[in-house]
Asker: 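Okay, handing you the structure first.
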Amino acid sequence: MDADPVGRADRREEPAFVSGEARSPAVIRLGDVGSTNDEAMQRLVEDGRPVWVIAERQLSGRGRRGRPWVSEAGNLYASFATSTTLSGDAFGFLPLAVAVAVADAIEETTGLSPQLKWPNDVLIEGRKVCGILIEARMSAAEPHRRRVVIGIGVNIAHHPEDVAATNLCAHHPQATPEDVWIALCPILDATIDILSRPGGLTAMRERWLARSVGIGGEVAVRFDDETREGRFVGLDDSGRLILDRDGSREPIAAGDVFVRSSYE
């Protein structure tokens, strides 16, 4: 664990808002911490109880593919760790479903209408306002269950200046990390529950597509060693982007997507 000892001294636990778990999650608030994802996963492994970890600042925040995530005080840094039996397509769709939940929570608290860029970027007026990182471990004792941690960083008061990002206060000055988190807790709980139900993937796919940018248009998907261009025509059952390249449809499982207006 990378937690700052001062942050640990400021820790407090309280009842959580998330329902639907056999044991209600703990909520642990820290000052400075290395990574809320690391902290939450460690606590889940040690105690077995679902847990939210919220920090004022991250010292070693990271995004997808190991990229650093700027973590200034004043933003929301929260990770939810739990065990889940979601498998196959439902688990594959989890990153997109979490993005839908964050967008819904932002809209509920600010009145803004976030859009989504595949797979799980949350945008305000075309600029990124949230980073989501989901990490999982299998348990040898329970091979049918995964330990999963859902890390969510929302730019509330600050954002990086060297990328296409923004923060909520730039659009809604009354936004606070606490308000967004309070709205997010029950929404995320309901979202995960939907994925486990018959027809849930179809419903969640439609909710994601309703907020998507680039759907039906030309996009570029950049990988480490190449870029593929084509038309973004939808999502498959596991949340992969379907790229139409001259009539041949290719499912994309990972990559950085740029809509035509952003790369011309």
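Position 1 is the first residue of the sequence, and the numbers go up from there. Predicted model, so just to flag it, every value in this text is computed and none were measured.
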Asker: Please report the interatomic distance CG(D246) to CG(D244), rounded to the nearest 0.5 Å.
Answerer: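 If we round to the nearest 0.5 Å, D246:CG and D244:CG are 7.5 Å apart.
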Asker: Which residues pass the side chain to side chain contact (heavy atoms under 4.5 Å, CB included) test with T110, sequence neighbours left out?
Answerer: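 Residues passing side chain to side chain contact (heavy atoms under 4.5 Å, CB included) with T110: I106, L112, L168, H172, A175.
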Asker: Is the shortest distance from a Lys or Arg side-chain nitrogen in K128 or D121 to a carboxylate oxygen in the other one below 4.0 Å?
Answerer: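 Yes, K128 and D121 are salt-bridged.
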Asker: Please confirm whether the backbone N or O of A73 pairs with a side-chain atom of H158, one donor and one acceptor, at under 3.5 Å?
Answerer: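 Yes: the side chain of H158 pairs with the backbone of A73.
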Asker: Which atom names give the shortest non-hydrogen contact between F93 and L201, and what distance separates them?
Answerer: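 Scanning both residues, the minimum pair turns out to be CB-CD2, 3.8 Å.
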Asker: Picking from E125, H171, R127, what satisfies side chain to side chain donor-acceptor pair (under 3.5 Å) with T166?
Answerer: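 Of E125, H171, R127, side chain to side chain donor-acceptor pair (under 3.5 Å) with T166 is met by H171 alone.
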Asker: So does V148 get a backbone contact from the side chain of R137, meaning a donor-acceptor N/O pair under 3.5 Å?
Answerer: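 A pair under 3.5 Å: no.
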Asker: Applying a strict under-4.5 Å side-chain criterion to I, L, V, M, F, W and Y, I'd like to know whether L116 and L241 cluster together.
Answerer: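 The answer is yes; both residues are in one hydrophobic cluster.
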Asker: When rounded to the nearest 0.5 angstrom, what distance separates CD1 in I187 from CG in D189?
Answerer: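 Rounded to the nearest 0.5 Å, the CD1-CG separation comes to 11.0 Å.
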Asker: Testing the basics here: between L243 and F232, what is the closest heavy-atom pair and its distance to 0.1 Å?
Answerer: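 L243 and F232 have their closest heavy atoms at CD1-N, 4.5 Å.
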Asker: So which of D38, N75, T36 actually passes side chain to side chain donor-acceptor pair (under 3.5 Å) with Q58?
Answerer: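 The option that passes is T36.
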Asker: Determine, step by step, whether E135 and R147 satisfy the salt bridge (Lys or Arg N to Asp or Glu O under 4.0 Å) criterion, reporting the C-alpha distance in whole Å, the side-chain angles of both residues, the deciding distance to 0.1 Å, and the verdict.
Answerer: CA-CA 8 Å; E135 299 174 302; R147 295 188 182 107; over 6 Å; no
Asker: Spell out, yes or no, whether L86 and I132 are grouped together once hydrophobic residues are joined by side-chain heavy atoms under 4.5 Å, including indirect joins.
Answerer: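 As far as the 4.5 Å side-chain criterion goes, I132 and L86 are connected within one cluster.
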Asker: Looking at M204 and A97, what are the two nearest heavy atoms and their distance?
Answerer: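 Distance-wise, the nearest heavy atoms are CG-CB, 3.7 Å.
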Asker: With clusters built from Ile, Leu, Val, Met, Phe, Trp and Tyr whose side-chain heavy atoms come within less than 4.5 Å, directly or transitively, what are the remaining members of the cluster of M138, listed by chain and number?
Answerer: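 So far as hydrophobic clustering goes, M138 is joined with none.
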Asker: Could you walk me through whether D237 and R205 pass side chain to side chain contact (heavy atoms under 4.5 Å, CB included), step by step?
Answerer: CA-CA 8 Å; D237 288 341; R205 181 169 60 243; 3.1 Å; yes
Asker: How many angstroms lie between CD in Q42 and OG in S35, if you round to the nearest 0.5 Å?
Answerer: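 These two atoms lie 11.5 Å from each other.
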Asker: Could you walk me through whether L188 and W52 pass side chain to side chain contact (heavy atoms under 4.5 Å, CB included), step by step?
Answerer: CA-CA 12 Å; L188 182 61; W52 277 98; 3.8 Å; yes
Asker: Contact between I54 and V27 at the side-chain level, heavy atoms closer than 4.5 Å - yes or no?
Answerer: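 A side-chain contact exists here, since the closest heavy-atom pair is under 4.5 Å.
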Asker: For V98, run the side chain to side chain contact (heavy atoms under 4.5 Å, CB included) check against N120, I192, I152, L133 and tell me which one passes.
Answerer: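 Among N120, I192, I152, L133, the one that satisfies the side chain to side chain contact (heavy atoms under 4.5 Å, CB included) with V98 is I152.
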Asker: Hey, what do you get for OG (S113) to CZ (R211), rounding to the nearest 0.5 Å?
Answerer: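 With rounding to 0.5 Å, OG (S113) is 6.5 Å from CZ (R211).
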Asker: Cluster partners of I242, using ILVMFWY side-chain heavy atoms under 4.5 angstrom, listed by chain and number?
Answerer: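 V233, listed by chain and number.
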Asker: Find out if a path of hydrophobic residues (ILVMFWY) with successive side-chain heavy-atom gaps under 4.5 Å connects M41 to F91.
Answerer: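 Not linked; separate clusters.
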Asker: I134 vs L94, test: side chain to side chain contact (heavy atoms under 4.5 Å, CB included). Steps then yes/no.
Answerer: CA-CA 8 Å; I134 298 177; L94 185 59; 3.9 Å; yes
Asker: Taking the side chain as every heavy atom from C-beta outward, state whether V53 and R43 have any atom pair closer than 4.5 Å.
Answerer: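 They are in contact (side-chain heavy atoms under 4.5 Å apart), so the answer is yes.
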Asker: Without swapping roles, check the side chain of S248 against the backbone of R245 for a donor-acceptor pair under 3.5 Å.
Answerer: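 Side chain of S248 to backbone of R245: no pair is present.
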Asker: Is there a path of hydrophobic side-chain contacts, each under 4.5 Å between heavy atoms, that joins V129 and L96?
Answerer: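 Yes; L96 is reachable from V129 via cluster members.
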Asker: Side chains of N155 and P160, heavy atoms from C-beta outward: is any pair under 4.5 Å?
Answerer: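 They are in contact (side-chain heavy atoms under 4.5 Å apart), so the answer is yes.
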Asker: Less than 4.5 Å apart, side chain to side chain, heavy atoms only: is that true for I28 and E39?
Answerer: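 Heavy-atom side-chain distance check fails, nothing below 4.5 Å.
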Asker: Under 4.5 Å between any side-chain heavy atoms of V100 and V102, yes or no?
Answerer: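 Side-chain contact under 4.5 Å: no.
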Asker: Can you sort out the partners of E161 under side chain to side chain contact (heavy atoms under 4.5 Å, CB included), two or more places apart, ordered by chain and number?
Answerer: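 Scan of E161 (side chain to side chain contact (heavy atoms under 4.5 Å, CB included), adjacent residues dropped) gives H159.
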Asker: Under 3.5 Å, is there a donor-acceptor pair linking the side chains of Q115 and S212?
Answerer: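 On atom types as modelled, these side chains do not qualify, holding no pair under 3.5 Å.
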Asker: If hydrophobic clusters are built from ILVMFWY residues whose side chains come within less than 4.5 Å, do V122 and L235 share one?
Answerer: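 Yes.
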Asker: Please list, chain by chain and in numerical order, all residues satisfying side-chain hydrogen bond (donor to acceptor under 3.5 Å, both in side chains) with T227, sequence neighbours excluded.
Answerer: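 T227: no side-chain hydrogen bond (donor to acceptor under 3.5 Å, both in side chains) contacts found.
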Asker: With D89, which residues qualify under salt bridge (charged side-chain N to carboxylate O under 4.0 Å, His left out), at least two apart?
Answerer: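 D89 satisfies salt bridge (charged side-chain N to carboxylate O under 4.0 Å, His left out) with no other residue.
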Asker: Given the rule in the side chain to side chain contact (heavy atoms under 4.5 Å, CB included) test, do T84 and R145 qualify, once you have shown the distances and angles that lead to the verdict?
Answerer: CA-CA 5 Å; T84 177; R145 300 181 70 87; 5.8 Å; no
Asker: Nearest heavy-atom pair of W181 and A78: which atoms, and what distance?
Answerer: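 Of all heavy-atom pairs spanning W181 and A78, the closest is CD1-CB, 4.2 Å.
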Asker: Give the minimum heavy-atom separation between G214 and V219, together with the two atoms involved.
Answerer: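 Nearest heavy atoms, G214 then V219: O-CG1, 4.2 Å.
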Asker: Under a plain distance cut-off of 3.5 Å, with no hydrogens placed, do D179 and T109 share a side-chain donor-acceptor pair?
Answerer: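 Looking only at side-chain atoms, D179 and T109 do not form any donor-acceptor pair under 3.5 Å.
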Asker: Drop me the distance from E218's CD to E229's CD, to the nearest 0.5 angstrom.
Answerer: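 Result: 8.0 Å between the selected atoms.
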Asker: If you count the non-hydrogen atoms of other residues, nucleotides and ligands that lie under 6.0 Å from CZ in R197, is the total more than 12?
Answerer: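 12 or below, so no.
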Asker: Drop me the distance from E56's CD to L76's CG, to the nearest 0.5 angstrom.
Answerer: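 Reported value, rounded in 0.5 Å steps: 12.0 Å.
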Asker: Give the minimum heavy-atom separation between F80 and P25, together with the two atoms involved.
Answerer: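 In terms of heavy atoms, the two residues are closest at CE1-CG, 3.9 Å.
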Asker: Tell me, do V213 and L123 make a side-chain contact under 4.5 Å, heavy atoms counted?
Answerer: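 Counting from C-beta outward, V213 and L123 do come under 4.5 Å.
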Asker: Please say whether the positively charged group of R57, taken as NZ for Lys or CZ for Arg, lies over the ring of Y77, i.e. under 6.0 angstrom from the six-membered ring centre and within 45 degrees of the axis.
Answerer: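 Here R57 fails the 6.0 Å and 45° test against Y77.
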Asker: Assess whether a salt bridge exists between D236 and R240, defined as any Lys/Arg side-chain N lying under 4.0 Å from an Asp/Glu carboxylate O.
Answerer: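 Looking at D236 and R240, the cut-off is met.
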